[in-house]
Amino acid sequence: MTTTDSDREASGERENAAERTGSGKGRPADGARAAGKGRATGKSGTSDPDRDSGPDSGPHRASAADSASTSAATDDNDLGAAGSQLSTAPQEDAPNLPSLGVIGWVRWFWRQLTSMRVALLLLFMLSLAAIPGSLIPQSGQDESQVVDFMERHEFWGPVFEKVGLFHVYSSPWFSAIYILLFVSLIGCIVPRTWQFVGQLRSRPPGAPKRLTRLPAYATWRTEAEPELVREVALKALKRRRFRAHVAGDAVAAEKGYLREAGNLAFHIALIVMLVAFAWGQLFRSEGNKLIVEGDGFANTLTQYDDFKSGNLFTADDLNPFSFDLKNFRGTYETSGPNKGTPRVYEASVDYAVGADGRERSAKIEVNKPLEIDDSKVYLVSHGYAPVITIKDGRGNVVFDDAVPLLPLDSNVTSTGAIKVMDGYLDGRGKWDQLGIQAFFLPTYGGEGTAVVSQFPALSNPRLNLTPYHGDLRVNGGIPQSVYQLDKSKLKGFKDSEGEQVRENLEIGETMKLPNGAGSITFDGVKEWAGFQITQQPGSGWALGGAMTAIAGLAGSLFIQRRRVWVRATTGPDGVTVVEMAGLGRSESAKVPQELGDLAALIHTEAPTAAEPEPKNPDPTPEPPAVPAEGAKK
Amino acid sequence: MTLAAATNENLANLSNTLIYSAMAVYTLAFFAYIAEWLFGSRSKVGRTAAALTADTKGAAKKADAPAVTVTKAGGTSVLERPQVVVRAAAGARDVPDGPGAHGGDEQGDLYGRIAVSLTVLAFLVAFGGVLTRALSVQRAPWGNMYEFNITFSTVAVGVYLTLLALRKNVRWLGLFLITTVLLDLGIAITVLYTASDQLVPALHSYWLYIHVSTAILCGAVFYVGAVGTILYLFKDSYESKLVSGGTPGRFATSVMERLPASASLDKFSYRVNAAVFPLWTFTIIAGAIWAGDAWGRYWGWDPKETWAFITWVAYACYLHARATAGWKGRKAAYIALVAFGCWLFNYYGVNIFVSGKHSYADVGLAALRSVGA
Ligand code: HEM
C-alpha cells in the first residue's frame, strides 16, 4: 500500500476542484490516458463502483493530477480485481496517435468506432439526421407535396433535391450514420459477450484487502469460529441466490448477472430488428385490387391493378391464396355535426390458402387485416358499382355487369365510364362502340339540389348517364383508364332537338337510346372494396426482436449487479472479527440495505461478542466514512 | 360496435364542469404551495453552504462524527444488528439534502400538507372529468388534443402523488408541477377544446388504447424527470458557486437550500427517466403494430413516428452519456432536457405545424386517407 489515505483524499479533492472549474471536463483524453495506464498495469479502469451515479467518477478519478495518477492507479489496484468487470462496458481509449503503422491505425480506428463515446456521437447524429425528413415533404409519402415545394422554392428546391432531403431516410448520409452505428454496435457486442461469458464461467473475485474502502461496510466481533462464520455466510448468500464461494479468509459473492445479460440481449435485439426490417424491405411486395361484391381474387401478379415490390422480390415469392368478396358493409353517422362520418367498414370474404385449400370465412375491417402467411390483406377503400344491362339495336344483351365507380367526395358521389367494345350493333345494324359517362349519387337530394350525393349510404340512389358512340380508342396503344372516356373520336347521342342525351335513372329504370340504338337498364347497386395486399417477410423476427429488446432493457435498467464479501479472521485477542462489504455497479440505497439484511442473518448465528476492553469499536483507523446520499432514508 | 352510440350531452357537460372545478382546486393548491415556500423562507436554512464551505476549508478533517445508517429488518428478532457504514463515491460532493419547500418551518410544513391534500382533491375531480368525458364519448378519452391534454395533466399529477404515496422525497416538485398543470389545462380549455365525438374506424383498435395510454404515461413521467433535471442544473450551479467561494443571491439561496442535493436530484431524474424508457420503447412498438394494422406498414417515417424515434434515440443518448466518462452530470442533464424537448415537440409541434397521418386535430382526414378516395 503506497498511497496514504490523505493522499487519496487530497487527490479526490483536487479532482473535485478541476471538475468544478470545468477544466477537468470535456477533455476525455486525460481520463482516457489514465485509464490506459490502469490497463497497462493489468487492471483496467473498471474499478469504478459508480458508473452511473456520481457526477465525477470513472477513469476520470485517476486523472486527478498527473503526479497522483500513478499512485491512484496502485490504489485502485487494491479494489481493482474486486471491482473489475462489474460491467462489460468498453473502456474509453486514448488516441495513441504517433507511430502506429497501418495495422495500428486500423486497430485504433476500430477501437474508436466501438467506443462508447463514438456510439454516443452516432446516436446523436442519427436523431439529428432524422429531423429534416419530418419537416420537409418526403417523396416516399407525398409526391405532390414535393412537387409543390419545388415550385415554391426555386433556389432551395434543387439544392434539397441534390442532397437527398426529399428522401432523407433512404439517403446515403442517413444510411451511413445508421450503418456505422450498427457496425459500432456489433463491434461492441461481440467482445462484450465474450467477456460476459468469461465472467459467468469464472468465480466472483476475491475480497479486496481493505473492505472499509467499499461503499457499504459492516463489522462486528463474535465468539463464533471464522470457519463457522464463513459457512453461515456462504449459506446465507447462496440462499439469496448469490453466486458465492470461499476464497481465502473471505466469502466472495455476486448477484445480478441478468443486468449484463439484459443489456447484451437488448443490443443484440436491435441488430435482429434492423436485419429483419431490411430483409422485409428487400422482399416486400405491395399491390392493390378492387373487387366488386361477388367477385374474387387469386394472388398472382396478373390479377393486381397495380403492384410494386422490393429489390429482391420475385413473382414466385407471392403466397398462394385466393378470396371472394361476399359482402361489404359500411355504416355512417346519421345525425349531428359529424353526419356522414364513417363508423364501420367491414368486408366479408371467403378465402382459401394454397392451390386448393379449404374455404374459410373472414371479416376484414379497417384496422383488422386478414393475415395469410407473410401476407396481409387490408381493406383500404370502398365505393359503389351500379349493375347495368345494355341491349343493342337488335335487342341482344351486349353488356351485363357491375361497373365500379370512383368516389369523388366523402359522400361518395362517384364517377366512371362504361365501355362496350365488341358485339354492339346500332339501330341500322352497323358495328359500333359504346361509351357511357356515369355519375352516381348514393343519396340524391331531390329535384332542385346540386348533383352531388347528400350522404354516403345508399338511401336514394341515382345513376346519371351520358351515352356516346364511336371509337373508344382502346386499341390506340396509349394506356387508358377504365374510369375515363377518351372522347376525341366519340359522338354523343342526340335527341330529336339535337341535345345531348342525358338521363337520371332510379333502380329498375331503363333509358332508350335514340334511333333504336338500344337501351340501358340500371338493375341495381353492388358495393366494391379496395384491398391492399402487402407481403413483408421477417415481421415476426422484427416483433420478436422488439419484445426481446424491451425485456432486455428492463433487465438492464432495473437489475442491480452487486458484490458482497464476508471476511472472518481471528483477531489479536482470539476473538473473531467479521467484516462485510458491498459494492454495486451503481451507487444505490439497495446495496447497504441488502448488506444490512445479510449482516443481520449472519449475526443471528454469530452474535456480537462481549466487549473485552472499553472503547474501541472501530476496528480500523480508517478515515471516517461519510454517508452516500442514496443511503439515507 | 353500435352505430348510433349517441354522444351523451349531459355527461359531456358534467365533464366540462369537473375540469373547471379541478382547475379551481389546483389554483388553491397552487397558492398553498406558494405559502409553503413563503413561510419556509423565514427559517434559516444553510446546510448546503455549511457543508460545502467546511469542505473547502479542512479537507480530510471534516465530519468527525461518521454518519451511520442503521437499516432495520422487518422483524423484532434482530435487536442488535450490525451497523452498515456507507461512504460516498470518491470525489462526489458531499451535500445533505435540503429540508423541502417548507424549509423546516412548521407553518410552512402545514401549508405544504394542505397543498398536497388540495392536489389530491383536484386530482380526483380532474380524474372524474376525464372519466365522464370518456363515458360521454363511449371510448377512451384521447381522440383529440383537448382530451389528450386533460388526460396528460391528470396522469402527471397521478405520477407525482404516486411518488409521494411511495414515501419518496418529492414534495418539492409540487409547485413546479401544479403551475404547469394549470397552464396545460388552461390551454386545453381555451385553445384546444373540441366537442365530444366518436372515433372514425381508423382509430378503432385496442392497440390504440395501449399505445396512447402508455404514451401519455411516459410523457407524464418524462415530464417529472425533466423538472428534476432542471432543478438539478440550478442546484448544481448553486453548489459550484458556493464551492468556488461565491455568494449566491438571497433568493437563490432561499430556494436552493431547500431542494435536495444536486446529486440526489440528478439521481432522481436518472431513475425516473430510466424507469420509463422501456415503456417508451414499448409505446413506439405498439404504435408500429397499430400502424401496421391501420395503414399497411409498420414504419413509414410519418412525422409523428419520426419524432417518437428521435425522442427515443435522444433518451438512449442520455442513458449512454451517463455510462460514459466525461459526459456525466451537467452534460447528460442537457441531453435529458433535449430529449424531453423532443417529446414536447412531438406532442405539440408535430400536431400543430406538421401534417401527417397522426394529426388528430382533424381526425376525419386520417380516416379518409385510409378508407375512401
Ligand atoms: C443502436 C443504437 C443503440 C441504442 C438505441 C442503445 C441503447 C442503449 C440503452 C437504452 C442503454 C441503457 C441500458 C443501461 O443503462 O444499462 C444502453 C447501454 C449500453 N450501450 Fe447501447 N445502444 C445503442 C448502441 C450502442 C453501441 C454502438 C454501443 C457500443 C459502443 C453500446 C454500448 C452500450 C453499453 C456498453 C451500455 C451499458 C452501459 C453500462 O453498462 O452502464 N450501445 N444502450
Side-chain angles (χ1 to χ4, degrees), chain A residues 6 9 12-13 15-16 20 28 31 50-52 54-61 89 92 116-117 120 123-124 126-127 130 133-134 169 215-218 220 331 338 341-343 345 366-367 378 381 532 534 546 550 553-554 557 587 592-593 595-596 599-600 603 624-629 631, chain B residues 3 59-60 63 66-67 69 71 73 78 80-92 94 197 200-202 204-205 240 243-244 261 263-264 267 274 278 281-282 285 293-294 296 301 303 306-307 309-310 313-314 316-317 320-326 328-329 364 367-368 371-373:
Chain A
S6 59
E9 206 62 43
E13 188 56 37
E15 192 215 0
N16 256 355
R20 279 167 202 139
D50 45 8
R51 278 204 79 93
D52 48 12
D56 31 17
S57 51
H60 220 79
R61 183 190 317 164
E92 293 306 317
M116 288 288 281
R117 188 170 293 116
L120 187 59
L123 274 169
F124 241 139
L126 187 67
S127 54
S134 72
Y169 307 108
Y217 174 79
W220 71 93
T331 63
N338 292 290
T341 304
R343 287 293 167 229
Y345 285 134
V366 173
N367 270 324
Y378 296 89
S381 55
Q532 185 185 62
T534 59
I550 294 176
L553 201 54
L557 288 170
E587 192 185 315
Q593 232 167 49
L595 194 74
H603 189 254
V626 287
E629 288 302 335
Chain B
L3 159 67
T69 313
T71 25
V78 191
E80 231 185 299
R81 63 187 286 180
Q83 296 176 334
V84 175
V85 182
V86 181
R87 48 188 288 154
D94 184 32
D197 164 42
V200 292
H204 275 295
S205 163
S240 310
V243 167
S244 59
S264 304
K267 202 175 292 173
T281 312
F282 172 77
I285 291 163
D293 285 354
W301 295 107
T306 306
W307 278 94
F309 172 76
I310 294 170
V313 173
C317 267
H320 273 203
R322 302 239 356 163
T324 309
K328 294 179 179 184
L368 272 181
V371 169

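Quick note: numbers below take in every heavy atom, side chains included, and nothing from hydrogens, waters or symmetry partners. Chain letters run A, B, ... following the sequence lines, proteins first and then strands; every chain starts at 1.
Atom CG in A:Leu126 sits 4.0 Å away from atom CZ in B:Phe309 (nearest 0.5 Å). Taking NZ of B:Lys267 as the reference point, atom CZ of B:Arg322 lies at 9.0 Å (rounded to 0.5 Å). Taking OG1 of B:Thr306 as the reference point, atom OH of A:Tyr169 lies at 3.5 Å (rounded to 0.5 Å).
With a 4.5 angstrom heavy-atom cutoff, A:Leu120 touches chain B via backbone and side-chain atoms both. Within the 4.5 angstrom heavy-atom criterion, only side-chain atoms of A:Tyr378, from C-beta onward, approach chain B.
Between A:Pro592 and A:Ala216 the shortest heavy-atom distance is CA-CB, 3.8 Å.
In terms of heavy-atom pairs under 4.5 angstrom with chain B, the leader among A:Ser127, A:Ala554, A:Ala546 is A:Ser127.
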